[in-house]
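Encoded as structure tokens, the structure appears first; notes follow it.
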Amino acid sequence: MSRDEKELDQKIKAYFDNLFSGVGASQQLFELKEELTINMKEKIADYRARGMNDEQAFREAVISMGDLNGLVDDMRKLGQDTARMSIYSSMDNRISAGFIVVGVLLALFGIFVMAMTYYMREEGVAVAGNGIFMVAGGMLFTYGLLTRETARKYAMNKVRAALYGLSIGSILFGMFSAVVTHFSVGETYVSIASLMVFFLGGVGLFLLLALTESDRRKQ
Amino acid sequence: MMSATISTDLIRGHTDTIILNILRQGDSYGYEIYKRILQLSGNRYELKEATLYTAFRRLEKDGDIVSYWGDETQGGRRKYYRITGQGRKHYERNVKDWDFAKNILETLIKGGIEDVQG
């Protein structure tokens, strides 16, 4: 890119930054600026092709844009909505924190009860049966973690996060049922069979979700 | 550049229909739509980009058009617009309304009272 080109790019950027100065940031504003910039660049290129110099071409392009105040007002309203949304999202974050805490506590509870029943010399089935708490805890933890908005990433939408929770839950449940079956039936092939059904379902769902993932990173 | 231009007041209510007319003939982006309108009018009407982008936002919100980013790499991406099924229906209806209205307007503006009396 030539020096003139770069200078013009900066000029266009400065013009739109100035036009939308003081407008709250939003995804729409970011995209509108990009859209306006590329279209203005093409227009300036056309003007230059007709023999105008850079300065003239830029001035003409700005004039021919017309009155952009209506758009600025639209964006200002959106910016305010975004500010309001961040309050909602902090509310959502508290809910997701709740899921994470409950999930971890449930899983820990499962571990403690398992240890307790083990030392009470209960049967294997009774010990392993308490693993169901870890299955439930794992599901809630997964959901809570994914619906959390962080400094780097936006929260995942709730339905999607719930499906992820379901897939993790299904995988964990597969393992759980395999262990329980192992202790109750004592035949390894039966326990593999019961592992297979839920494990495959969970992995299938997980892969489907992972492969259709959209980018949640913040710019 | 332009010899005679149409008054903005006269055309304001038809901005959406004009944009839909361009888009029903193929997907396009802001500056290209601007140029096509200028071209179509034989350089007698320039729809300001400010009006154009406001209309895009409104039409997209109403579901008459959808937008997507092009994959140009040189000098930035273009934002393309595509007409939806609903947009096409909306366009057809506006054309019918226009056909109906333009005849009545013609007589309202030029017609003599004596012609219809008696």
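Note that the structure is a prediction, hence the values are computed from the model and not measured.
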Closest-packed option against chain B by number of heavy-atom pairs under 4.5 Å, given A:Ser64, A:Gly66, A:Gly70
A:Ser64
Counting C-beta onward and ignoring hydrogens, is there a side-chain heavy-atom pair between A:Leu108 and A:Met134 closer than 4.5 Å?
no
Please confirm whether A:Lys33 makes a cation-pi placement over A:Phe20, using NZ or CZ under 6.0 Å from the six-membered ring centre and within 45° of the ring normal.
no
Answer yes or no: is there an ion pair linking A:Glu42 with B:Arg78, defined by an N-O contact shorter than 4.0 Å?
yes
Side chain, backbone, both or neither: which part of A:Asp74 has a heavy atom under 4.5 Å from chain B?
side chain
Determine whether the aromatic ring centres of residues A:Phe109 and A:Phe112 are separated by less than 6.0 angstrom.
no
Is chain B contacted by the side chain of A:Gln28, its backbone, both, or neither, given a heavy-atom distance below 4.5 Å?
side chain
